[in-house]
Amino acid sequence: MTAKKIASVKHLAEHLFTEIQTIRQHLHQYPELSYQEFQTSAFIQSVLKKWNIDFVAPVAGTGIVVTLKGKKTSTRCIALRADIDALPIQEENDVPYASKNKNVMHACGHDAHTSCLLGAIKILDTLKEEWGGTIKCLFQPGEEKNPGGASLMIQEGVLKNPDVKSIFALHVHTTLDVGKFSFRGGKCMASADEIYITIKSKGGHAAAPHLTTDTILVASHLVVALQQVVSRNNDPFNPSVLTISSIQGGNTTNVIPSEVKLMGTFRAMDETWRKIGHEKITQIVTHIAKSMNAEIDLWIDVGYPMVYNNEELTKEARHLAENFIGAEHCSETELRMGAEDFGYYSQLVKACFFRLGVRPTNAKNISPVHTPTFNIDEHALQHGMAMMAWLGMNVE
């Protein structure tokens with residue numbers, strides 16, 4: 001029976017591939033930024049209407065929820081999630097389906113995630129006699145920008161009525177060949193907080209620094225001192241990163257600017273340490289500012305929590321994946337300091353965030369995500385939709 005079900009899912013994924021590929025290319029051509037995905041949402045809805053799939057929209061602005069019911073008796077309720085937003089990047093790929101929207105690009109694979117979930121919905125609906133319970137399929141806006149669309153979807157009750165017991169999402173992985181997947185239980189991705197610091201003084205002539213506070217010098221001290229937050233306060237076996245990624249201030253050689261701005265990111269794999277880190281950042285910034293007679297505005301924009309994959313659920317998912325595609329095609333995902341608003345879901349219900357290989361087989365490398373030349377081997381779509389459907393049918 002299991003072999004027959006596997007064959008049915010794979011056959012449907014193969015049959016749907018061309019249609020799902022066309023959907024992905026359309027989404028890729030017309031990307032939209034976080035919380036502005038109005039045409040993207042309308043297009044997804046048009047596909048669902050064409051397939052006679054019921055949905056609720058809008059949710060959290062541009063989100064969509066599809067609730068599927070299996071025919072077998074079961075009280076289980078799981079969720080499958082795809083993000084739908086794009087990034088502010090000008091695409092440089094020379095392909096027929098390159099972005100038509102200036103300075104906006106699906107450079108993180110959300111077009112592929114959305115297409116895979118649509119394919120999974122079609123498979124699950126076609127095979128609803130083969131599974132039981134409820135599967136909520138979430139098309140989520142705003143993954144790339146605080147406060148994170150996941151938090152907004154949760155506020156609107158997508159994990160309730162009925163209560164979701166576990167949730168899954170896939171993400172494209174450029175170092176993994178097409179046809180392969182990777183899983184990791186426990187700590188998976190880091191929390192991400194944004195740091196904004198404004199240093200102020202009255203400014204003055206560069207030849208008379210004693211008559212003002214040198215905002216450039218204060219900024220330099222802060223950049224160096226903030227490195228101690230992680231290097232001298234955090235357990236080295238507990239991954240964490242603090243990076244100041246922007247310095248803005250001054251525009252000529254003979255003027256000390258009245259204002260310098262710093263921006264950066266703080267990432268952690270432990271919520272307790274994350275809070276301590278915020279305290280350390282505040283202490284360092286405040287004390288240095290006071291000692292150097294500068295005015296300081298500090299804002300720590302608290303972002304996504306870490307992604308924690310429930311170990312039992314992830315073990316079950318990997319076992320199902322190995323049965324579906326073969327153990328040789330499944331591996332362990334490396335620990336990553338990147339962030340994902342899927343972490344909000346993982347704080348509330350059992351979660352499994354896994355990786356979909358999109359690198360052409362035997363290719364040395366492809367452009368990484370968040371770059372102007374990122375692209376995927378579209379055959380990954382067939383594997384992605386099949387795996388999401390398979391997990392949806394079988395996870396308890």
Side-chain angles (χ1 to χ4, degrees), residues 1-2 4-13 15-16 19-20 23 41-60 62-84 113-141 149-150 153-170 310 313 316-317 320-321 323-324 342 345-346 348-354 384-396:
M1 182 62 72
T2 298
K4 184 177 179 181
K5 288 172 65 176
I6 290 174
S8 296
V9 172
K10 289 184 176 180
H11 172 74
L12 284 169
H15 177 72
L16 283 166
E19 183 176 7
I20 298 303
I23 288 171
S41 182
F43 176 73
I44 296 167
Q45 292 175 48
S46 71
V47 174
L48 295 170
K49 288 175 182 176
K50 174 185 172 183
W51 291 345
N52 295 314
I53 303 290
D54 292 333
F55 59 87
V56 175
V59 180
T62 54
I64 304 164
V65 176
V66 173
T67 302
L68 302 173
K69 300 282 188 178
K71 296 298 184 180
K72 290 188 175 181
T73 302
S74 174
T75 59
R76 76 182 185 122
C77 178
I78 70 166
L80 307 175
R81 172 270 205 172
D83 34 19
I84 67 174
H113 304 167
T114 298
S115 302
C116 287
L117 183 54
L118 282 168
I121 287 171
K122 184 65 172 175
I123 294 170
L124 289 165
D125 185 61
T126 302
L127 298 178
K128 55 182 174 286
E129 301 287 344
E130 301 294 330
W131 57 274
T134 302
I135 302 176
K136 292 184 178 181
C137 301
L138 315 179
F139 294 93
Q140 178 212 295
M153 296 280 278
I154 290 168
Q155 289 174 19
E156 296 209 11
V158 299
L159 299 181
K160 302 292 185 181
N161 301 316
D163 291 350
V164 170
K165 300 302 181 185
S166 59
I167 186 168
F168 296 83
L170 59 72
N310 180 272
L313 180 66
E316 179 186 4
L320 287 166
N323 286 341
F324 183 74
F342 189 77
Y345 300 115
S346 75
L348 299 174
V349 298
K350 293 180 179 180
C352 176
F353 187 78
F354 64 99
M385 69 173 113
M387 186 60 71
M388 291 198 85
W390 181 247
L391 294 177
M393 291 171 65
N394 292 284
V395 167
E396 295 297 330

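Count residues from 1 along the sequence. These numbers come from the heavy atoms of this one structure, side chains and all, not from hydrogens, waters or symmetry mates.
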Stepwise side chain to side chain contact (heavy atoms under 4.5 Å, CB included) test for Phe354 and Met387:
CA-CA 10 Å; Phe354 64 99; Met387 186 60 71; 4.0 Å; yes

Distance col, row Met385:CE vs Cys116:SG, nearest 0.5 angstrom, shows 6.5 Å

Just wondering, do Lys5 and Phe324 contact through their side chains at under 4.5 Å, heavy atoms?
no

Sub-4.5 Å side-chain heavy-atom contact between Thr2 and Asn323
no

Tell me whether Lys350 forms a cation-pi arrangement with Phe168, defined as NZ or CZ under 6.0 Å from the six-membered ring centre and within 45 degrees of its axis.
no

In terms of heavy-atom contacts, Gly392 and Leu124 come closest through C-CD2, 4.4 Å

Check whether any side-chain N or O of Glu129 sits under 3.5 Å from a backbone N or O of Lys71 as a donor-acceptor pair, and report yes or no.
no

Does NZ belonging to Lys10 count more than 12 external heavy atoms closer than 6.0 Å?
yes

Distance in Å, Ile154 CD1 paired with Lys160 NZ, rounded so as to fall on 0.5 Å steps
10.0 Å

Would you please test Phe353 and Ile167 for side chain to side chain contact (heavy atoms under 4.5 Å, CB included) and show each step?
CA-CA 8 Å; Phe353 187 78; Ile167 186 168; over 6 Å; no

State whether the side chain of Glu156 and the backbone N or O of Val59 hold a donor-acceptor pair below 3.5 Å, judged by distance alone.
no

Strictly distance-based, threshold 3.5 Å: is any side-chain N or O of Trp390 a donor or acceptor partner for the main-chain N or O of Leu320?
yes

Which heavy atom of Ile123 sits nearest to which heavy atom of Ala389, and what is that distance?
CG2-CB, 3.7 Å

Give, for atom CE of Met388 and atom CD1 of Ile135, the distance between the pair rounded to the nearest 0.5 Å.
10.0 Å

Here the pair of heavy atoms bringing Leu170 nearest to Gly384 is CD2-O, 3.7 Å

Look only at the side chain of Lys136 and the backbone of Arg81, and say whether a donor-acceptor pair between them is shorter than 3.5 Å.
no

Just how far is it from atom CZ of Phe139 to atom OG1 of Thr114, taken to the nearest 0.5 Å?
6.5 Å

Gap separating the CD1 atom of Ile53 from the CD1 atom of Ile44, nearest 0.5 angstrom:
14.0 Å

Between Leu391 and Ala317, the two heavy atoms sitting closest are CD2-O, 3.7 Å

Separation between NZ (Lys165) and CG (Leu313), nearest 0.5 Å, reads 13.5 Å

Compare all side-chain heavy atoms of Val66 with those of Asp54 and state whether any distance is below 4.5 angstrom.
no

Please confirm whether the backbone N or O of Cys352 pairs with a side-chain atom of Ser346, one donor and one acceptor, at under 3.5 Å?
no

Does Cys77 offer a backbone N or O that forms a donor-acceptor pair with the side chain of Thr134 under 3.5 Å?
no

Is any side-chain heavy atom of Val395 less than 4.5 Å from a side-chain heavy atom of Ser166?
yes

Nearest heavy-atom neighbours spanning Phe43 and Ile23
CE2-CG2, 3.8 Å

Report the C-alpha distance between Ile64 and Val56 in whole Å, list the side-chain angles of each, state the deciding distance to 0.1 Å, and finish with yes or no for side chain to side chain contact (heavy atoms under 4.5 Å, CB included).
CA-CA 6 Å; Ile64 304 164; Val56 175; over 6 Å; no

Can you tell whether the side chains of Lys4 and Glu130 come within less than 4.0 Å, N to carboxylate O?
no

Asp125/Lys122 under salt bridge (charged side-chain N to carboxylate O under 4.0 Å, His left out): CA gap, chis, key distance, verdict:
CA-CA 5 Å; Asp125 185 61; Lys122 184 65 172 175; 5.5 Å; no

For Val164 and Tyr345, run side chain to side chain contact (heavy atoms under 4.5 Å, CB included): C-alpha distance rounded to whole Å, both residues' side-chain angles, the deciding distance at 0.1 Å, then the answer.
CA-CA 10 Å; Val164 170; Tyr345 300 115; over 6 Å; no

For Ile20 and Ser115, the nearest pair of non-hydrogen atoms, with its separation, is CG2-O, 3.5 Å

Quick check: do Trp51 and Leu118 have side-chain heavy atoms less than 4.5 Å from each other?
yes

Can you spot which of Ile78, Val65, Leu68 makes a side-chain contact (heavy atoms from CB on, under 4.5 Å) with Cys137?
Leu68

